[in-house]
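Since the model is a prediction, treat every value here as computed from it, not as a measurement. Naming: A, B, ... by sequence-line order, numbering from 1 per chain.
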Number of protein chains: 2
Amino acid sequence: MDNLKSSRTGMIFLPPAGRGVAAKVEPRSAAGSQTLSRGLDLIEAVVQTPATLSELSKRLGINRSTVHRLASALADRGYLKLEAGEGYMLGAKLLELGHAARRQINLPRVARPHLEALCDSTGDAVHLGVLYEDKALYLDKLSGTRRVEIGSRVGERHPLCATGLGKSLLLDCSEMEWLEIYRAETGHGGAADPAYAAWVEQMRGYAAGGYSFDLEENEDRVRCVGAPIRDETGEIVAAISVSSVAQYMSDDRMAGLVATVSSTAGAISRALGWSGR
Amino acid sequence: MDNLKSSRTGMIFLPPAGRGVAAKVEPRSAAGSQTLSRGLDLIEAVVQTPATLSELSKRLGINRSTVHRLASALADRGYLKLEAGEGYMLGAKLLELGHAARRQINLPRVARPHLEALCDSTGDAVHLGVLYEDKALYLDKLSGTRRVEIGSRVGERHPLCATGLGKSLLLDCSEMEWLEIYRAETGHGGAADPAYAAWVEQMRGYAAGGYSFDLEENEDRVRCVGAPIRDETGEIVAAISVSSVAQYMSDDRMAGLVATVSSTAGAISRALGWSGR
DNA sequence: TTGTTTTGTCCCGATATATGAGATAGGTGT
DNA sequence: ACACCTATCTCATATATCGGGACAAAACAA
């Protein structure tokens, strides 16, 4: 049985998370404030699965009394909820705060420092973009330190199938969606189209590796390395790319850039609440 | 200017929240643990707008040193983030926790106790439902204590336009959407249709009041009072209704039930992170 | 430039505060 | 009936928190 999903609201009602065996969680650095840190440990100990008081006490290595005091304080304020027969679980306040956080955390500002670091370390032009109306919309651009300037501006929309950034936005799509998008963008494509077959073959490799290349496809003599940015749901919500003219972008250098770009994309993802990999 | 919204991901990038004058926040009950409570106060103090150390110190009436220790502890763990020139703002960890909370909090379980209380206090049948494929899908049902049984089951799908529960699911829709849904469901409707005009007139009243009635429209001799349930975004994600045969549902009694049903719906909404009204 | 007022960060003694052992009460299952 | 599980409460101890104050750096004004 598939999950019930309200077609209009998009809210999903999942079955209660299973009560698997929870690994002993190593409490984080008690930096600064023990009590506060323990309280946060408590919240995070319940992320995977609800737990009773003594379970939490064992996991965190804290006295039951202390756990009780902290947990009830958290429950009083809605950060946890004591469910009868289930123990403590995450509370509704966290939904509210998560929503508030999403309003405050905006992608361009969060990404900026990471993009600057990437630009400094590579010397090339760096782009940030999102999917918008079946195009890659550029939200930020940093010119590299090379002589040559890459001709692109914030606010411009570029093709999805022919740019490194655009391809990264599509890495999680199904092959059916790839076909649909490719057709919409190029006007051709299909099982019999050799150009499409080659493109899909490339995309499979990119999807498996979590990065993407642009080999002078969109603009002559311009090559890019792209990587996707994910939010707290794991969904791809944006992408970055490093671009330069072909003379600075040998195959070897591009292969080496993959790790760098992926690492930056991962850091931005984590700043958006992503907790994967 | 409208906000950029990725058509595929649905993620919205809002401009940074304005730095309005923030009212002095009265710290909640320091029940149990002062340190932990203050830490949580700190988080909640930056929900509306980012704030500097001394701003927070003033607002909460806590020494700057203490605020600094707590705030850096929170920042270390991602609950807050110190943005240069902006002060402290909500951190990415809250996105992660909000997402985890959404997986744990499932509507039927959260709603159950409230529905039971409502059923006990009214004596009538109580339903919980969501929008699913242009119908109202019943997720839970409690039979009342009356002799007569309302014939409906969990898992059934009922019309949107002719039930109290269904109408409540539609309260936030635009009039254009109302027309569309009404047409799809009844096969008629339009500016010239007197039945549709009357229906829309009723819906306007319901939308303004935040409740809905079913006056023997769906099933003969059955009347209902419905109210919408909202999540942390304020969106209507479900609805409840109280149903009984007409002999127990005088106009006066229905008018009186509005407050009761709305109150229950509000309580469930708050358990889903809603912070409105 | 210089002076003024922010910002975040750090230190350290006094004491308020969190801690944890243990006891209690209410369930649940055998 | 029992044993064993919850969550909750009390209280003496000492520890971790508190807050005054000092600091460097940055932002701002003159």
Suppose we call a contact any N or O donor and acceptor under 3.5 Å apart; does that hold for the side chain of B:S54 and the base of C:dG8?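 By the distance-only test, no, there is no pair.
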Give the intermediate values and the outcome of side-chain contact (heavy atoms from CB on, under 4.5 Å) for residues A:H127 and A:I240. CA-CA 5 Å; A:H127 291 268; A:I240 59 174; over 6 Å; no
For [N] and [X] - does any side-chain N or O of the residue sit under 4.0 Å from the phosphate oxygens OP1/OP2?
{"X": "B:Q34", "N": "D:dC18", "value": "yes"}
{"X": "A:H68", "N": "D:dA7", "value": "no"}
{"X": "B:T66", "N": "D:dC18", "value": "no"}
{"X": "B:R64", "N": "C:dT7", "value": "no"}
{"X": "B:S33", "N": "C:dT17", "value": "no"}

Rounded interatomic separation in angstrom, taking [atom1] from [X] and [atom2] from [N]:
{"X": "B:N63", "N": "D:dT17", "atom1": "CG", "atom2": "C1'", "value": "12 Å"}
{"X": "B:R69", "N": "C:dA16", "atom1": "CZ", "atom2": "C1'", "value": "13 Å"}
{"X": "A:R38", "N": "D:dT15", "atom1": "CZ", "atom2": "P", "value": "13 Å"}
{"X": "B:L56", "N": "C:dG8", "atom1": "CG", "atom2": "C1'", "value": "13 Å"}
{"X": "A:I62", "N": "C:dT19", "atom1": "CD1", "atom2": "P", "value": "8 Å"}
{"X": "A:K81", "N": "D:dA7", "atom1": "NZ", "atom2": "C1'", "value": "17 Å"}
{"X": "B:L36", "N": "C:dA16", "atom1": "CG", "atom2": "P", "value": "21 Å"}
{"X": "A:L70", "N": "D:dT8", "atom1": "CG", "atom2": "P", "value": "13 Å"}

Ion pair present between B:E86 and A:R109, side-chain N to carboxylate O less than 4.0 angstrom? yes
Run the salt bridge (charged side-chain N to carboxylate O under 4.0 Å, His left out) check on B:E96 and B:K93 step by step: do they pass? CA-CA 5 Å; B:E96 190 187 326; B:K93 189 80 192 181; 3.6 Å; yes
Here DNA chain D, pairs taken as Watson-Crick or G-U under 3.5 Å and shown with ( ), [ ] when crossing and | when to another strand, reads ..|||||||||||||||||||||.||||||
Both A:S65 and A:T35 contact DNA chain D. Which one's nearest nucleotide lies toward the 5' end? A:S65
Ignoring hydrogens, what is the shortest heavy-atom contact between B:L169 and B:A238? Give both atom names and the distance. CD2-C, 3.4 Å
Tell me, please, whether A:Y248 has A:R146 positioned over its six-membered ring: NZ or CZ under 6.0 Å from the ring centre and within 45 degrees of its axis? yes
Starting the side chain at C-beta, find the nucleotide from D:dG19, D:dA7, C:dT9 nearest to A:L53.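 Nearest to the side chain of A:L53 among the choices is D:dA7.
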Roughly how far, to the nearest 0.5 Å, is CG of A:L272 from CZ of A:R230?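 The CZ atom of A:R230 sits 12.0 Å away from the CG atom of A:L272.
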How long is the span from the CD1 atom in B:I268 to the CZ atom in B:R112, to the nearest 0.5 Å?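 So the CD1 of B:I268 and the CZ of B:R112 are separated by 11.0 Å.
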